[in-house]
Amino acid sequence: MSQDMKSLKSEDHPLLDESKPFKKLLIDWFSENAKDYPWRTTSDPYEILVSEIMLQQTQVATVLDRGFYRRWLEAFPDFKKLADAEEVEVLRQWEGLGYYSRARNLHKLAKVVVYDMGNQFPKDPKAIETLPGVGRYTAGAVASFAFDLPVPAVDANIARVIARLFNFQERIDSSSGQKQIWAWAADLVPSSGGRIWNSALMELGQTLCGPRKTLCDECPIAASCQCVDPLDLPIKKLKPKATSVDEHVILNVINGNILLQKETGSRRKGMWKLPLRDENEMVKDNLIAVHKYGITRYKVSMHIYKFEDQNIHENEKWFSLDEIDLLPIPSPYRRALRLLENHFNQ
DNA sequence: ATCCAGGAAG
DNA sequence: CTTCCTGGAT
C-alpha cells in the first residue's frame, strides 16, 4: 500500500488520534473571536446560499462593505422573489461582483427550488450539489451553516489551514491533492456542530493563517500544526502569465443616445458593453482613450474610438443616458462610460 | 504597473 | 485543465 493510500485513513494520522483537545482549542478560540457576519446570524438556507455564491472567488470585504449582500436581500428577499425577477435586474444587482454566470445560475436555481421542488430547499448535500452553480464546497457550506450537518466544506481558507496542519507537501489543486484535503476535512468534522466547526476553520484561515501572512504566535492550534514553513503551503500550480490583447470599441453617440452591444456568449451573456469593432475599420485620429483591465489570463487594452454611425450590428441597441444606469454592464466598461460622460453631448 | 486570491462549469 | 472577473496588496 502506498504512502498516499495510508494517509487517507484517518486512524493512522497522529493529528487525528489526539484530535479532541485540538478541536476544543479551535472552537473556544472561535467563540471568542468570531466575526458577526450577517450570514452567521441566520439559518435561512436562502440567505446563506446567497452569501456563499457571492463569496465564491470574492472577498468578504467586497460583498459586505460595498453593500452587495444587503441590496440583494432587499431586492430579492427569498427564493420566490428571485425566481420571478427579470434576468436584467438580477444581473444589474450583481454588477461589480464579476463572474456573472454566478448570478444567472443563482436565478436558475431559485426557479428550480420554487417551481420544481415546491419551494422546499433540499437538506441533503448531494441534492444541494445538483443545483446550478453549486459545487461540492457550496453544498457543504449550506448544509453545515444552515442545517448544522457534520459535512466538510473546503474553501480556499480551509484548504490552506488543512494543508498546513498536516504539512501536506503535494499540490492541493490536483485531483489527488483535492481528494486528500477533502478526506482530512471529512475526518475532522465533529459529528455534531458542523456549523461551528467549519466556521472556525474558515475564520482561522481568514485571520491568523492567511495566504501571505501568518500569526502563528496567536494561533490556538499551533501546537498541533505539523507545518514547518507555513508560507510555503499550500502548493499549487503556478498561473500562466497574462497575455496582452487589444480590443477596439466605439463610442457611438447620436442625439444623446449611446449604442451598446449585448454579450451573447455562454458566460457573460446578458451583460451590455461598448460595441466591438475591427481595428481596421477604425480611424486613428478618432481614438479618444485607452483603458487597461485584466480578465482571466488576458491584459486587455481597450481602445475607445469616437464613431458616429446610424448603422448598427446584431445585438446592438441605442440607450439614453438614464437607461444606462439600469443596465448590467461589466466594471471596465462601466468605468469607461463614467470617464467618457463629457463626450456624450458633442 | 503587476501580482494574487478566490469555486464552478465546460 | 481552461475559462470566467474584480479589488486589494505589493
Side-chain angles (χ1 to χ4, degrees), chain A residues 48-69 91-109 125 128-142 152-161 163 171-178 181-182 185 198 202 205-207 209-214 231-245 247 263-273 290-302 328-336 338:
Chain A
I48 289 170
L49 178 72
V50 168
S51 76
E52 289 303 334
I53 304 287
M54 281 192 176
L55 290 164
Q56 287 171 8
Q57 305 298 97
T58 309
Q59 315 275 357
V60 172
T62 305
V63 169
L64 281 187
D65 299 352
R66 296 176 52 209
F68 284 104
Y69 188 64
L91 288 171
R92 182 66 185 86
Q93 286 294 337
W94 205 267
E95 181 187 307
L97 279 172
Y99 294 120
Y100 297 97
S101 62
R102 290 184 295 171
R104 286 196 314 275
N105 280 331
L106 185 51
H107 192 201
K108 239 187 265 173
L109 181 156
I128 301 174
E129 197 177 336
T130 66
L131 293 165
V134 177
R136 194 176 178 188
Y137 162 71
T138 305
V142 176
V154 180
D155 73 338
N157 290 304
I158 293 186
R160 184 170 60 249
V161 169
R171 276 177 46 190
I172 64 158
D173 55 357
S174 65
S175 55
S176 67
Q178 281 284 304
I181 296 286
W182 276 88
N198 285 337
M202 224 171 267
Q206 278 172 357
T207 56
C209 197
R212 287 184 278 186
K213 187 180 175 187
T214 55
L231 293 181
D232 292 345
L233 293 179
I235 300 166
K236 296 185 203 176
K237 195 179 77 163
L238 285 91
K239 278 196 191 166
K241 244 188 77 180
T243 51
S244 299
V245 295
E247 70 178 14
E263 292 264 4
T264 55
S266 61
R267 304 195 117 113
R268 276 184 297 183
K269 193 172 61 160
M271 304 294 287
W272 291 84
K273 53 193 262 186
V290 180
H291 290 297
K292 294 179 190 295
Y293 67 92
I295 169 99
T296 65
R297 57 192 202 83
Y298 301 100
K299 304 195 300 195
V300 184
S301 295
M302 182 190 349
I329 297 176
S331 293
Y333 297 96
R334 181 69 78 185
R335 260 197 306 279
R338 295 243 155 84

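Letters A, B, ... mirror the listed sequences (proteins, then strands); counts begin at 1.
Nucleic acid contact for A/Gly294: base, since at least one base atom lies under 4.0 Å from a heavy atom of the residue. When heavy atoms are screened at a 4.0 angstrom cut-off, A/Ser331 is found touching the sugar-phosphate backbone but no base atom. Residue contacts shown for A/Lys239 include a base, since a base heavy atom lies under 4.0 Å away. Counting any heavy atom pair closer than 4.0 Å across all strands shown, A/Tyr100 reaches sugar-phosphate atoms only and no base atom.
Considering only side-chain N and O atoms, A/Arg212 lies nowhere under 4.0 angstrom from the phosphate OP1 or OP2 of B/dC4. The shortest distance between the side-chain N/O atoms of A/Arg102 and the OP1/OP2 oxygens of B/dA8 is not below 4.0 Å. Look at A/Thr58 and you won't find any side-chain N or O under 4.0 angstrom from OP1 or OP2 of C/dG7. The phosphate of C/dG7 (OP1 or OP2) has a side-chain N or O of A/Arg66 nearer than 4.0 angstrom.
For the pair A/Leu49 CG and B/dA8 P, the interatomic distance rounds to 11 Å; values are reported in whole Å. If you measure from atom CZ of A/Phe68 to atom C1' of C/dC5, you get 11 Å, rounded to the nearest angstrom. Following rounding to the nearest Å, A/Asn105 (CG) and C/dC5 (P) show an atom-to-atom distance of 12 Å. Atom CD1 of A/Ile53 is separated from atom C1' of B/dA8 by 9 Å (rounded to the nearest Å). Atom CD of A/Glu129 and atom P of B/dA9 are 8 Å apart (whole Å). What separates CG of A/Leu131 from P of B/dG7 is a distance of 19 Å, to the nearest Å. One atom, CZ of A/Arg104, and another, P of B/dA8, lie 16 Å apart when rounded to the nearest Å. Taking atom NZ of A/Lys213 as the reference point, atom P of B/dC3 lies 23 Å away to the nearest angstrom.
Picking from C/dC1, C/dC5, B/dG6 the nucleotide with the shortest atom distance to the side chain of A/Lys237 gives C/dC1. Taking the side chain of A/Tyr137 as heavy atoms from C-beta on, and the options B/dG7, C/dG7, C/dT3, the nearest nucleotide is B/dG7. Side-chain proximity of A/Arg335 to C/dT6, C/dT3, C/dG7: nearest is C/dG7. Taking every side-chain heavy atom of A/Gln59 into account, B/dA5 is the closest of B/dG7, B/dA5, C/dT6. For A/Arg160, the side-chain atoms get nearest to B/dG6 when compared with the rest of B/dA9, B/dG6, C/dC4. Comparing C/dC4, B/dA8, B/dT2 by their nearest atom to the side chain of A/Tyr99 picks out C/dC4. Closest approach to the A/Gln56 side chain among C/dC5, B/dA8, B/dC4 is made by B/dA8 (side chain taken as heavy atoms from C-beta onward).
In this structure, A/Leu106 and A/Trp94 have side chains that are in contact, with non-hydrogen atoms separated by less than 4.5 Å. Counting only heavy atoms from C-beta outward, the side chains of A/Leu49 and A/Leu109 approach each other to under 4.5 Å.
Judged by closest nucleotide on DNA chain C, A/Ser174 is the one of A/Ser174 and A/Pro332 placed further toward the 5' end. In this structure, A/Arg171 and A/Leu97 both approach DNA chain C, and ranking their closest nucleotides by distance from the 5' end singles out A/Arg171. Nearer to the 5' terminus of DNA chain B, by closest-nucleotide assignment, is the contact made by A/Lys292 (compared with the other of A/Lys236 and A/Lys292).
Taking every heavy atom of both residues into account, A/Pro328 and A/Arg92 meet most closely at CB-N, 3.7 Å.
Distance check, rounded to the nearest 0.5 Å: CH2 of A/Trp182 to CZ of A/Arg136 gives 5.0 Å. Distance CD/A/Gln206 to CG/A/Asn157: 5.0 Å, rounded to 0.5 Å. Here NZ of A/Lys299 is found 9.0 Å from OG1 of A/Thr243. Values are rounded to the nearest 0.5 Å.
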